[in-house]
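Data block below; observations after.
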Protein chains: 2
Amino acid sequence: MGNRSDEISKIVTRAIISKDLLPGCKLSEQTLADLFDVSRAVVRQALIRLSDDGLVTMERNKGAFVSRPSFREAVEIYDALTMLEQGVAAQLSGRLDARGWSELRQHVERQNKAVEDKNDELADQLGSGFHEVLVRLSRNTVVQQMHAQLIRRTALLRSLVSSRFDYCGLLHDHEVLVDLLEEGKVTEAQKLIATHHNDVVKGYLMDDTSQLEINAREALERYVSKQNAA
Amino acid sequence: MGNRSDEISKIVTRAIISKDLLPGCKLSEQTLADLFDVSRAVVRQALIRLSDDGLVTMERNKGAFVSRPSFREAVEIYDALTMLEQGVAAQLSGRLDARGWSELRQHVERQNKAVEDKNDELADQLGSGFHEVLVRLSRNTVVQQMHAQLIRRTALLRSLVSSRFDYCGLLHDHEVLVDLLEEGKVTEAQKLIATHHNDVVKGYLMDDTSQLEINAREALERYVSKQNAA
DNA sequence: AACATATAAATTGCATATCAATTTTAGATA
DNA sequence: TATCTAAAATTGATATGCAATTTATATGTT
């Protein structure tokens, strides 16, 4: 609340995560200013926030673009995620209270149900959410925020890959992980986390070739409230 | 290079790390604008960058202040550092090339020499630098940047603590760590990293009481090049 | 038609000036 | 001394202008 530029950066973030704004898309200051009905100054502030977050890349005198991470960067991001989650796993194992374990179990159950029901979208969402819950239970907001930022950047990666992989195995990992953690098998849990993320990256086949450049105005129009139909 | 606001945020960052700007210090937009001879808009952009970095806290309608992290936050930051460095340790152990090990050894040697020479300042600096080198050798820029950000925030913490602790033990840890890593004893290395950071935090006795509020102008004046003596 | 080039238009980055809303300061009052 | 009040300062945001640079367009040449 409060800051206009903060709101805007969050809206653009949502649009990127939802794949409405694709990597490489130009984010013209004037276009966004018109769209959100704010001054260019505010848009600039929003773009700076987004670029600090890694979702947007600013090039001097050329403007801001939705970031197009390289495969190398993808690997680095998942390695970073692995490190954080392994650390969280070590903290959680043994030290988590009953309510915490219950929340993890419930999440996995809901996820499994979504898989059974062939509700791919929900399963996907809950699958991502599992990692978020895991980290939240560590009760470390610093780690939580870094982790959330990395997760946002993975959305950027998913916009770049063509083929999907077998989610079933990956989703099953979550259940196994909770088992391992509750049994206090930290090392094995950490190993699972590593291979889990490794599998995700291996499923990423980036095709640098195609890049249908949808313009920002079109992509963002639906995110701005109706009354601002300038 | 290029962005004026980026330059300014970096200068302010240096001032904070050097303890010239202390936690709680008000960063008035007009004051900074006059000091750096830029418009308020540019200062605002710099402050946004700094707040994204966690070094500055912005309060609506009240302004920007150098962040004053709580003890809780200190613990969280060092836990986060632990996670990243443990992850890096796991990657490095066994996989690092000869040149890498040599760099670590050389760093530790220089550090030990500084301790022998009772050159506290240099030893302190090299001690911090060790962690930086360690992470750099992982060749993961994403992790490197997150780590660097956390390190910057620890500077903020050091500004808040009164008593210093025995650095000798902590600095010796670095040498032991390299030994363990080169011998492939990952688990022990990770355990050492955890206790190392734990010891640092334990040495932090925050005194929320005293807070000599030096004004930003005075603190930053020397950072601005001489010709801008407006 | 393909290519190079010169010109015009658009965009970025920054400065200045202005304004309402809010906060801070200073002063007057009890 | 404490409290309330009015003035000054600060923030958040807008609008406008301008130089530097980039992008697009039109022109001319091979």
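In the text below, chain A, chain B and the rest are named by the order of the sequence lines, each starting its count at 1. Nothing here was measured: the structure is a model prediction, and the numbers come from that model.
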Worksheet item: Without hydrogens or angle criteria, can the side chains of B:Ser5 and B:Arg49 be said to hold a donor-acceptor pair below 3.5 Å?
Response: yes
Worksheet entry | Contacts of A:Glu73 that satisfy salt bridge (charged side-chain N to carboxylate O under 4.0 Å, His left out) - sequence neighbours left out | A:Arg153
Worksheet item: Do you see a donor-acceptor pair shorter than 3.5 Å between the side chains of B:Gln144 and B:Asn140?
Response: no
Fill in: Terminal contacting nucleotides, 5' and 3', DNA chain D versus chain B (heavy atom, 4.0 Å)
D:dT10 to D:dA13
Practice prompt. Under the ring pair (Phe, Tyr, Trp, His ring centres under 6.0 Å) rule, collect the residues that match up with B:His147, sequence neighbours excluded.
Written response: none
Worksheet entry | Partner residues of B:Phe130 under the ring pair (Phe, Tyr, Trp, His ring centres under 6.0 Å) criterion, sequence neighbours left out | B:His174
N/O contacts under 3.5 Å, protein versus nucleotides 11-14 of chain C?
{"from": "C:dT12", "atom 1": "O3'", "to": "A:Asn61", "atom 2": "N", "distance (Å)": "3.4"}
{"from": "C:dG13", "atom 1": "OP1", "to": "A:Asn61", "atom 2": "N", "distance (Å)": "3.1"}
{"from": "C:dG13", "atom 1": "OP2", "to": "A:Arg44", "atom 2": "NH1", "distance (Å)": "2.7"}
{"from": "C:dG13", "atom 1": "OP2", "to": "A:Arg44", "atom 2": "NH2", "distance (Å)": "3.3"}
{"from": "C:dG13", "atom 1": "O5'", "to": "A:Arg44", "atom 2": "NH2", "distance (Å)": "3.3"}
{"from": "C:dG13", "atom 1": "N7", "to": "A:Arg40", "atom 2": "NH2", "distance (Å)": "2.7"}
{"from": "C:dC14", "atom 1": "OP1", "to": "B:Arg4", "atom 2": "N", "distance (Å)": "2.8"}

Worksheet item: Do the charged groups of B:Asp20 and B:Arg14 touch, with an N to O distance under 4.0 Å?
Response: no
Response to the item:
So salt bridge (Lys or Arg N to Asp or Glu O under 4.0 Å) across residues 127-151 of chain B, not counting sequence neighbours, yields B:Glu103-B:Arg136
